[in-house]
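Note that ligands are numbered from 1 as they come in the structure, with each ligand's atoms numbered from 1 the same way. The structure presented is a predicted model; accordingly, all values stated were derived computationally and were not measured.
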Amino acid sequence: MRVPVAQDTSSNMMGDKMIKMMKLGKTDLTVSEVGFGAIPIIRLDRPEAERVLRHAFERGINFFDTANAYRDSEQKIGGAFAGLRQRVFLASKTLQRDGAGVREHLERSLQMLRTDYLDLYQLHQIAQDRDWDAVMAPGGALEEAWRARAGGKIRYLGVTSHSLPMAIKLARTGLFDTIQFPFNFIEEAAGHELLPIVRQLEMGFIVMKPFGGGAIDNAAVAFKFLRQHPGILPIPGFESTAQIDEVLSLYAAPNQVTESDRAVMDRYRDELGKRFCRRCEYCQPCPQGVMITPAMGYPIVAARMSAAVAPEFSKVPMASVPLCNECGVCIDRCPYELPVPQILKANYELFLKHAALAQD
Ligand code: SF4
Ligand code: SF4
């Protein structure tokens, strides 16, 4: 394992641009106050993806979050930062729940990222008790992650979830250095219920989906909301240099949330309230076996990954949608009273359309 160069400056100066640096929880990672979520780069060809990644780095972003599941995202990051490894922090994740699976995923991530260590490795999408039980079991993912950490392949261990009760439970175990959870002005609950615990335990809080997974198209207001919570690390997904410049220009100004900003947020909440799935999983399990949460999120996956890629990525959950017999159990369980079967039906039609296009 190489020893990473500590970046302990209070800001990264790039020409006349400046981005503040901060400690990620009680780790010794000094990260830029905005990171880079690396799902959208899968839509770019390799030279363009590497150009966008290097632009982010040149503008001062030093934290890059990817996953084994994000197709060639790791490979593109590995290419972009060849020769620069010690100047960036690389985070990846695995959906595997057993030790052998984690070992295989981690080795592949290291190879794709062209490195022999990850700054942060995250057990991804721990949602249900059965996930947690599998992770904690002898020979499970956690045991293997600890082994990899002792061997120097992982510096810090994190976890991600979309379920608030589970995220709170995971944080309280004290086993993880960071937690990654959705947080934005539509999905605010984490700010009241999870963030205080994370702060108390001095964990790093990595904000996934700062734009609600694509539901929020007003970057200025999205980041004004987030910047009210110092010390958190949003990782917006970027696919162009212009997007990076836009977000960094927002961070260059002092944060001021006006009444008009609050009105904009309220309008989004009103408009999205009856159709935006928060991925909280309270509706699960479906008696018919429909994988409700990932199927509800299909349009977001398609928007982030592209209509060409999404059908293959989401084929397992989407194949479960026709099992729905409209019993209504999920509607009763959903705290937002979403019309789940209707949304699933519309998403399935979109999935079929994309699948047909992908085959052409
Ligand atoms: S309405 Fe459909 S998705 Fe919802 S619980 Fe019933 S079968 Fe499952
Ligand atoms: S349908 Fe409702 S209960 Fe189910 S994940 Fe979405 S928001 Fe949560």
Subject >> Pair R108-E104, salt bridge (Lys or Arg N to Asp or Glu O under 4.0 Å): steps then yes or no >> reply: CA-CA 6 Å; R108 203 176 335 145; E104 188 198 328; 3.2 Å; yes

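You'll find the ring centres of Y336 and Y282 outside the 6.0 Å limit. Residues F225 and F183 place their aromatic rings such that the two centres sit under 6.0 Å apart. In this structure, F205 has its ring center at least 6.0 angstrom away from the ring center of F181. Checked against the 6.0 Å centroid threshold, Y298 and H354 count as a close aromatic pair.
Atom 8 (Fe) of ligand 1 has its closest protein heavy atom at C286 SG, 2.3 Å. Given atom 2 (Fe) of ligand 2, the protein heavy atom at minimum distance is C334 SG, 2.4 Å. Among all protein heavy atoms, the one lying closest to atom 4 (Fe) of ligand 1 is C330 SG, 2.3 Å. At the shortest separation from atom 7 (S) of ligand 2 among protein heavy atoms lies R278 N, 3.3 Å. Summary of contacts: the protein heavy atom closest to atom 6 (Fe) of ligand 1 is C327 SG, 2.3 Å.
Near P287, the atoms of ligand 1 lying under 4.0 angstrom from a non-hydrogen atom of the residue are 5 (S). Residue N325 approaches ligand 1 through these ligand atoms, each under 4.0 Å from one of its heavy atoms: 7 (S). Interface of C324 with ligand 1, defined as ligand atoms under 4.0 Å from a residue heavy atom, comprises 1 (S), 2 (Fe), 3 (S), 7 (S). Numbered from 1 in the order shown, with element, the atoms of ligand 1 that lie under 4.0 Å from a heavy atom of P341 read 1 (S). Of all the atoms in ligand 2, the ones that sit under 4.0 Å from a non-hydrogen atom of V340 are 1 (S). Residue E281 has at least one heavy-atom neighbour below 4.0 Å for each of these atoms of ligand 2: 5 (S), 8 (Fe). Of all atoms in ligand 1, numbered sequentially from 1 with element shown, those under 4.0 Å from a heavy atom of G328 are 1 (S), 6 (Fe).
In summary, D72 and R46 do not engage in a salt bridge, as defined by a charged side-chain N under 4.0 Å from a carboxylate O. Using a 4.0 Å cut-off between charged nitrogen and carboxylate oxygen, R269 and D266 count as a salt-bridge pair.
Residue-level proximity to ligand 2 for R279 is carried by the backbone, the only part with a heavy atom below 4.0 angstrom. Under 4.0 Å from ligand 1, the heavy atoms of E326 that appear belong solely to its backbone.
Here C280 reaches atom 8 (Fe) of ligand 2: one of its N/O/S atoms is less than 2.8 Å from the metal.
Using a 30° and 60° split on the angle between ring planes, F64 and F81 fall in the tilted class, from 30° to 60°.
Between the side chain of S249 and the backbone N or O of E246, at least one donor-acceptor pair lies under 3.5 Å. Using modelled atom types, one side-chain atom of S32 and one backbone atom of N62 make a donor-acceptor pair closer than 3.5 Å.
Comparing heavy-atom distances from atom 3 (S) of ligand 2 across C277, C283, G297, P294 singles out C283 as nearest.
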